[in-house]
Chemist: 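Supplied in structure tokens, the structure appears directly below.
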There are 2 protein chains.
Amino acid sequence: MFLSRSTNTLDAKGRISVPADFRAVVSDDMFEGIIVWPSFDGPYLEGGGISLMRDYQGFLENMDPYDDVRNAFERAIFTESKRLAFDANGRVSLPKALAEYANLDGQATFIGLGRRFEIWNPVDYEVQSVAARKMARENRHQLRLRGQPTRPDQAESRGG
Amino acid sequence: MFLSRSTNTLDAKGRISVPADFRAVVSDDMFEGIIVWPSFDGPYLEGGGISLMRDYQGFLENMDPYDDVRNAFERAIFTESKRLAFDANGRVSLPKALAEYANLDGQATFIGLGRRFEIWNPVDYEVQSVAARKMARENRHQLRLRGQPTRPDQAESRGG
DNA sequence: GGGGATAGCATGGGGAAACATGGGATACAA
DNA sequence: TTGTATCCCATGTTTCCCCATGCTATCCCC
């Protein structure tokens, strides 16, 4: 699961180190690398492992094959996605078009969002981050986990 | 389940022992360590095992994927979380940014809260603690357990 | 019940591996 | 040939892995 945030350097050759945490997340996938596409919700990139693509594929295949929305999703996600393989040091080469789409220049911020991640211009993201924390705080009462409060057959009963 | 309170040393390298009780709680998780993030409700840290994150993930995935509140929670929790693995002695390295956020210096107090825990500056927590006990006392009549009275054949007898 | 042995816990420090990054060499395409 | 993409190597920094130590709670034997 993708967690945490970190800002890395996008060098003159268009290379950027994928945070080690993120590499660990996709290390079980067949493909040693990440999939990245321009978000259709703003000037940033979205990404994940190849298994995320399979999840999207599974979801879309349950829709009507000629449904316009399905078509739109397929074009917006699959068609625009790039498969970026890690080099020996855990970097990827980010195509210019993607870097330009997200206004990346010199630095880029990877943010973990569980199943996927996003890549932002660090300054742009800082604005998002502040707004998000404010909104999260204002709506914190909605954040209620349900289900079994405790599962007595699990860890907590272990003597230690 | 995370219970009790204990204060441990945050050493010069940024390491701190996670209380043994807490380690036992997460010992059934795949990931041998804890997840910690800055609370969006005050200058302290929140944490739990990887399974807590999965619970949050399950909760959030039931919301509209591009809902602003969902987005805010994802950014406030997942993005700000760090995955801290235990070393051989049960310690974690607490990133500087997190320690600074919670005003931690030399000592930190872990407080168990059932499914989650918090990490506080010991002095700050003392203030909270007094206020919390007062409020608990004033509202003690609301503390009503429902359901089965007691099941002596379960967790509490499994000590070991 | 007392006293010693033992295992787990919290903490300190040194060294090795991993990480992020830069630069050069090589291969391929325009 | 020039531009571009990929691979390989070098390097400073950070992290984390391993060892050592004192303390405490527990157990066991007497």
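All figures in this text were calculated on a predicted structure; none of them were measured in a lab. All chains are named by letter (A, B, ...) in the order of the sequence lines, taking the proteins before the strands, and each is independently numbered beginning at 1. Values below: all heavy atoms of this structure, side chains included; hydrogens, waters and symmetry mates excluded.
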Chemist: Whole Å only: how far is the NZ atom of B:Lys82 from the C1' atom of D:dT15?
Modeler: 13 Å
Chemist: Send over the distance from B:Arg83 CZ to C:dC19 P, rounded to a whole Å.
Modeler: 14 Å
Chemist: Who are the ring pair (Phe, Tyr, Trp, His ring centres under 6.0 Å) partners of B:Phe110, not counting sequence neighbours?
Modeler: B:Phe22
Chemist: Once you round it to whole Å, what is the distance between P of C:dG23 and CZ of A:Arg15?
Modeler: 9 Å
Chemist: By side chain to side chain contact (heavy atoms under 4.5 Å, CB included), which residues pair with B:Asn139, not counting sequence neighbours?
Modeler: B:Met135, B:Gln142
Chemist: Checking B:Gln107 against B:Thr7: is there a side-chain donor and acceptor pair closer than 3.5 Å?
Modeler: no
Chemist: What nucleotide, of D:dC17, D:dC8, C:dA10, holds the atom closest to the side chain of B:Asn8?
Modeler: C:dA10
Chemist: So what does A:Thr9 hit on the nucleic acid, given a heavy-atom distance under 4.0 Å: a base, only sugar-phosphate, or nothing?
Modeler: sugar-phosphate
Chemist: Rounded to whole angstrom units, what separation is found between the CG atom of A:Asp11 and the P atom of D:dT4?
Modeler: 15 Å
Chemist: Would you say C:dC19 has OP1 or OP2 under 4.0 Å from some side-chain N or O of A:Arg23?
Modeler: yes
Chemist: If only side-chain N and O atoms count, and only distance matters, is there a donor-acceptor pair under 3.5 Å linking A:Tyr44 with A:Ser39?
Modeler: yes
Chemist: Can you list, in residue-number order, the parts of residues 84-99 of chain A that come under 4.0 Å of DNA chain D, counting heavy atoms only?
Modeler: A:Asn89, A:Arg91, A:Ser93
Chemist: On the six-membered ring of A:Phe31, is A:Arg83 placed so that its NZ or CZ lies under 6.0 angstrom from the centre and within 45° of the ring axis?
Modeler: yes
Chemist: Which nucleotide in the set C:dA10, D:dC16, C:dA20 lies at the smallest distance from any side-chain heavy atom of B:Lys13?
Modeler: D:dC16
Chemist: Only one of A:Tyr101, A:Trp37, A:Phe117 clears side chain to side chain contact (heavy atoms under 4.5 Å, CB included) with A:Leu45; which?
Modeler: A:Tyr101
